Protein chains: 2
Amino acid sequence: MALAAIRSPIPPVSPGPAIRPRPDLPILASAPDLSGSPSVYGRKQEIFGEGEEADRVYRVVSGAVRSYSVLSDGRRQINAFHLRGDIFGLETRPAHHQSAEAIVETRVMVYPRRQFEAIAQGNAHLACELWSMALRQLEHKQAHVLLLGRRSALERVAAFLAEIERRSGEAGWFALPMTRRDIADYLGLTIETVSRVVTQLEAEGALLRAGARRMRLCRATIRQVLCD
Amino acid sequence: MALAAIRSPIPPVSPGPAIRPRPDLPILASAPDLSGSPSVYGRKQEIFGEGEEADRVYRVVSGAVRSYSVLSDGRRQINAFHLRGDIFGLETRPAHHQSAEAIVETRVMVYPRRQFEAIAQGNAHLACELWSMALRQLEHKQAHVLLLGRRSALERVAAFLAEIERRSGEAGWFALPMTRRDIADYLGLTIETVSRVVTQLEAEGALLRAGARRMRLCRATIRQVLCD
DNA sequence: CGGTGTCTTGAACACAGTCAATCGGAGTGG
DNA sequence: CCACTCCGATTGACTGTGTTCAAGACACCG
């Protein structure tokens, strides 16, 4: 299977996105005076844990974050991957109801939640922006539910890879920051199944691989797998 | 299995909740002047379809609504059941990205979306209420994702029944407004599996039944199935 | 009553899970 | 530069949970 790397043109090592968000830009357009402080988390470092006070809001500057819940017997469900530009950590309640960890070394901007909410209270425009942001996340979650409830393993992995490719911002070759375990825990599968399906997709010509974590999708074939 | 109805005290036919929301009450506390118009939908009647213009917002006065997406090959995923008091139909985009149908005869209040948004634009308090409503729905969706991704059929059905019991507002005997197909399409299972699991839960003493749609949970046993 | 839609039950099957061995690549130290 | 280790990924053989297909039971309604 390592042949894929030989058959395909040499994949460029990620040059980083051409445009990366300036860390000093405001988190939301309608709150220019809301400023955060930069922070860095190492691989596998917890950013916040379930039950902890939710007093900070985060925006990813570079790297990747997973937010997840765990059942008492250890089963883990990853709710979302947060990539460059994504905002996470917002809650209704005083405490976090899920945990968040850096997947790789990750730079974030941190904003105080109280300030956030105080400004929103008096700024309808900001509050509307927050509202519509939450609604967009809700739509995304619904797609996630559809994926878990009514899609086969093949379809789940194909949809996942297509989404990550799109969000990575780079057409062509892209890198998966997360492990097979992360993917499995996001898609409600096991690592073995994820691995088998990726191999199958490669065999069907839906993707090319360079190692386990770099790949290039054949969009037409992927779309064919997904149907709609 | 019909013995359950004999073994247990005769279940009262639903007397309806003691307190039902007055249809003329404002949809949200911070928008007292936002008034809607009442409307009634019959069993299986579509309230809105995927792709239609999302220009109305709804609140359930009585009855039950399912909102769902369908794949091109007919697989259906129910995203949510809306019961008395619930608000649904809010969207970020101009068009609905899912469909909604009345499950039984359902009375709703209908509010114009434009008016809704216009008021929110100038009323930070309302906008914040909408924001926090969306965040609460987001939390609920995350629980749904955990259910579909990492829970067994037994756990899914138990959690589902517990939630409906809670939301029905009546402790003790309660009615399921939805069919086995609806439950299956919400939980990512088949009707046969739902049926078998309900039978199993009954055999384990986790619930009593009066016909297929009325039951009474033994909370301790249900909690035991769920662990956390 | 008969008819229809819904629910239940059974038997066979399939997809994804489990258990276990092996592979591969990155990092480390001799 | 190579050997060694560690962790993640892959692959294989087998198992099991939930699906599929099919038959029947039940309940509601004319």
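Chain identifiers are assigned alphabetically (A, B, ...) following the order of the sequence lines, protein sequences preceding nucleic acid strands; residue numbering begins at 1 within each chain. On a predicted model such as this, the values are computed, not experimentally measured, just so you know.
Dashed line: the shortest gap from a side-chain N or O of Lys44(B) to OP1 or OP2 of dT6(C) is under 4.0 Å. Between Thr199(A) and dT11(D), a side-chain N or O to OP1/OP2 separation shorter than 4.0 Å is present. The shortest distance between the side-chain N/O atoms of Thr190(B) and the OP1/OP2 oxygens of dT19(D) is below 4.0 Å. For Ser195(B), a side-chain nitrogen or oxygen approaches OP1 or OP2 of dT8(C) to under 4.0 Å.
Atom pair Arg214(A):CZ and dG8(D):C1' shows a separation of 18 Å (rounding to whole Å applied). The nearest whole Å value for the distance from the CG atom in Leu148(B) to the C1' atom in dA16(C) is 16 Å. With rounding to whole Å, Arg181(B) atom CZ is found 11 Å from dT19(D) atom P. Rounded to a whole Å, the CD1 atom of Ile183(A) is 13 Å from the P atom of dG8(D). Across the protein-nucleic acid pair, Ile191(A) atom CD1 and dA20(C) atom C1' stand 12 Å apart, rounded to whole Å. In this structure, Leu154(A) places its CG atom 15 Å from C1' of dA14(C), rounding to the nearest Å. Rounded to whole Å, the distance from CD on Gln200(A) to C1' on dA9(D) is 17 Å. Rounded to whole Å, atom C1' of dC7(C) lies 13 Å from atom CG of Leu176(B).
Residues Cys227(A) and Leu71(B) have side chains not in contact (no heavy-atom distance under 4.5 Å, counting atoms from C-beta outward).
Arg84(A) and Ser62(A) share no side-chain donor-acceptor pair at under 3.5 Å. A side-chain donor-acceptor contact under 3.5 Å links Glu101(A) and Tyr68(A).
At a threshold of 4.0 Å, the pair Arg43(B)-Glu105(B) does not count as salt-bridged, since none of the basic side-chain nitrogens sits closer than that to a carboxylate oxygen.
For Leu189(B), whose side chain is taken as the heavy atoms from C-beta onward, the closest listed nucleotide among dA16(C), dG18(D), dG12(D) is dG18(D). Of the candidates dT6(C), dA16(C), dA20(C), the closest approach to any side-chain atom of Arg43(B) belongs to dT6(C). For Thr179(A), whose side chain is taken as the heavy atoms from C-beta onward, the closest listed nucleotide among dG8(D), dT18(C), dC21(D) is dG8(D). When each of dC7(C), dT9(C), dT18(C) is scored by its nearest atom to the side-chain atoms of Arg196(A), the top-ranked nucleotide is dT18(C).
Recorded end-axis angle for the helix from dC1(C)-dG30(D) to dG30(C)-dC1(D) stands at 30°, based on five pairs per end and rounded to 10 degrees.
Side-chain N/O atoms of Glu192(B) and base N/O atoms of dC7(C) include no donor-acceptor pair closer than 3.5 Å.
Here the closest heavy-atom approach between residue Ser72(A) and residue Asp228(B) is recorded as N-OD2, 2.5 Å.
For the pair His82(B) (side chain) and Ala100(B) (backbone), a donor-acceptor distance under 3.5 Å is absent.
Among residues two or more places apart in sequence or in another chain, the ring-ring contact (aromatic ring centres under 6.0 Å, His included) test is passed with Phe48(A) by Tyr58(A), His96(A). Listed by chain and number, the residues in a side-chain contact (heavy atoms from CB on, under 4.5 Å) with Arg167(A) are Leu83(A), Asp86(A), Glu163(A) (sequence neighbours excluded).
For the pair Ala212(B) and Arg213(A), both in contact range of DNA chain D, the more 5′-proximal nearest nucleotide belongs to Arg213(A).
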